[in-house]
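Working notes, structure below.
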Amino acid sequence: MFKKGKREFRNKEEDVVFNRMLLWLGGAVLVELLILLMQKLYVEMIFGPGLASALFGFFQVFSIVGAVLAVGMAVVSVIYLRAGKSAVLPMSLAGASALLWIISLLIYLLFDEGIRILMMLPAAGAVLILIFFLYQRPFFYNALLTAGGLLALWMHGKYYMDHPNFIRACVAGGVILLAVAAALAFLLRKNGGKLAGIRVLPEESNYMMTWLTCAVTAAAMVLALILGVGLSQYLLYGLVGWLFAQAVFFTVKMM
């Protein structure tokens with residue numbers, strides 16, 4: 001009876017996790033539809049140039065304001081953490097501001113090409129959602145960092161010749177984010193996987209793979225700038241290989 005009850009409890013937990021995964025995947029589909037709507041409104045101007053001009057003004061303003069808000073909320077988060085207060089709200093606002101800032105930069109600077117780049121993100125997000133629910137939490141964070149590097153390398157190969165300054169700025173920003181991620185990994189290890197009292201990673205997590213991921217991804221992005229567009233595709237394949245190696249590593253750990 002005890003084994004039967006335990007099995008039923010496990011089955012219920014798996015159903016809950018599966019339903020959550022479906023909801024997140026549905027959210028990714030909804031985001032893709034919103035991006036398609038944005039293309040119709042902003043690029044194809046199906047409702048006229050007035051609405052498109054208003055959207056352009058918003059993206060132009062938020063391409064600057066978004067960065068200020070993200071940095072401001074990050075500073076507030078640090079202040080809250082040092083004071084021992086919950087930093088969930090400012091951290092969430094910082095993340096949302098940073099995301100909207102990146103979207104505004106892409107659309108404002110690259111116009112229709114920025115929309116095309118955004119269309120790729122929900123598909124990548126769907127893969128990350130599957131990793132989040134099917135694998136260990138550390139692999140999800142490593143895959144997220146690697147996915148950012150893959151996007152940067154792809155954009156370098158495709159857009160560097162037309163927008164070199166923008167791509168350099170993306171690479172510089174990516175390296176900074178990777179450095180922050182590595183520092184956060186040190187902080188999480190020190191606090192047993194918790195950040196601001198919130199469980200982020202399991203206590204027994206192996207942080208070495210996260211640090212290696214930060215180093216490998218940053219090196220690939222910097223080398224792309226040094227070696228040029230012609231050789232950046234090989235770095236792209238190398239980073240895909242690193243992601244596959246991580247998948248094998250974490251799959252073996254689950255066995």
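Since the model is a prediction, treat every value here as computed from it, not as a measurement.
Applying the side chain to side chain donor-acceptor pair (under 3.5 Å) rule to pairs touching residues 44-56 yields K40-E44, sequence neighbours excluded. For residues 168-193, the set of pairs meeting the ring-ring contact (aromatic ring centres under 6.0 Å, His included) definition, not counting sequence neighbours, comprises F186-W211.
Closest approach of I167 to M155, counting heavy atoms only: CD1-O, 3.7 Å. Closest of all the heavy-atom pairs between L41 and A52 is O-CB, 3.7 Å. Nearest heavy-atom pair across F140 and I131 is CA-CG2, 3.8 Å.
In this structure, L128 is a member of the same hydrophobic cluster as V240, with clusters built from ILVMFWY side-chain heavy atoms closer than 4.5 Å. Linking ILVMFWY side-chain heavy atoms closer than 4.5 Å, directly or via other members, places M38 and L36 in a single hydrophobic cluster. No continuous path of hydrophobic side-chain contacts links Y80 to V75 [ILVMFWY only; heavy atoms under 4.5 Å]. Cluster membership for V71 and I64, using ILVMFWY side-chain heavy atoms within less than 4.5 angstrom, is not shared. Taking hydrophobic clusters as Ile, Leu, Val, Met, Phe, Trp and Tyr residues chained together by side-chain heavy-atom distances below 4.5 Å, L37 shares a cluster with F59.
The side chain to side chain contact (heavy atoms under 4.5 Å, CB included) search around L177 returns none, not counting sequence neighbours. Residues forming a side chain to side chain contact (heavy atoms under 4.5 Å, CB included) with V31 (at least two apart in sequence, or on another chain): I35, P122. Listed by chain and residue number, Y42, Q60, Y108 satisfy the side chain to side chain contact (heavy atoms under 4.5 Å, CB included) test with F56 (two or more places apart in sequence, or in another chain). Under the rule for a side chain to side chain contact (heavy atoms under 4.5 Å, CB included), the partners of F133 that lie at least two apart in sequence or sit in another chain are V17, R20, M21, W24, I129. Looking at residues two or more places apart in sequence or on another chain, you find a ring-ring contact (aromatic ring centres under 6.0 Å, His included) between F58 and F62. By the salt bridge (Lys or Arg N to Asp or Glu O under 4.0 Å) test, R137 pairs with no residue at all, sequence neighbours left out. Listed by chain and residue number, nothing satisfies the ring-ring contact (aromatic ring centres under 6.0 Å, His included) test with F166 (two or more places apart in sequence, or in another chain). Residues passing the ring-ring contact (aromatic ring centres under 6.0 Å, His included) test with Y141, sequence neighbours excluded: none.
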Could you list the donor-acceptor pairs under 3.5 angstrom formed by side chains in residues 88-105, with sequence neighbours left out?
unit_1: S92; atom_1: OG; unit_2: V88; atom_2: O; d: 2.7
unit_1: S97; atom_1: OG; unit_2: L93; atom_2: O; d: 2.8
unit_1: W101; atom_1: NE1; unit_2: S63; atom_2: O; d: 2.7
unit_1: S104; atom_1: OG; unit_2: L100; atom_2: O; d: 2.8

Listing, residues 212-228 side-chain donor-acceptor contacts under 3.5 Å, not counting sequence neighbours, or none:
unit_1: T213; atom_1: OG1; unit_2: M209; atom_2: O; d: 2.7
unit_1: T213; atom_1: OG1; unit_2: W242; atom_2: NE1; d: 3.3
unit_1: T213; atom_1: OG1; unit_2: Q246; atom_2: OE1; d: 3.1
unit_1: T217; atom_1: OG1; unit_2: T213; atom_2: O; d: 2.7

CA sep, side-chain torsions, deciding dist, call: L118, L121, side-chain contact (heavy atoms from CB on, under 4.5 Å): CA-CA 5 Å; L118 289 176; L121 299 185; 3.7 Å; yes
Residues L130, L25; criterion side-chain contact (heavy atoms from CB on, under 4.5 Å); working and verdict: CA-CA 8 Å; L130 292 174; L25 290 174; 4.2 Å; yes
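In this structure, F244 and F249 have side chains that are not in contact, with every pair of non-hydrogen atoms separated by 4.5 Å or more. Two residues are said to be in side-chain contact when any heavy atoms from C-beta on lie closer than 4.5 Å; V65 and L69 meet this criterion. Side chains of M45 and L51 form no contact here, defined as non-hydrogen atoms less than 4.5 Å apart.
Between the CD1 atom in I107 and the CG atom in L55 there is a gap of 8.5 Å [rounded to 0.5 Å]. The line from CG of L151 to OG1 of T146 is 12.5 Å long, rounded to the nearest 0.5 Å. With rounding to the nearest 0.5 angstrom, the CH2 atom of W154 is 12.0 Å from the CG atom of L150. The line from CG of L188 to OG1 of T210 is 9.0 Å long, rounded to the nearest 0.5 Å. To the nearest 0.5 Å, atom NE2 of residue H156 and atom CZ of residue R168 are 8.5 Å apart. The distance from the OH atom of Y207 to the CG atom of L187 is 9.5 Å, given to the nearest 0.5 Å.
For M208, the CE atom sits in a loose shell: 12 or fewer heavy atoms of surrounding residues, nucleotides or ligands are nearer than 6.0 Å.
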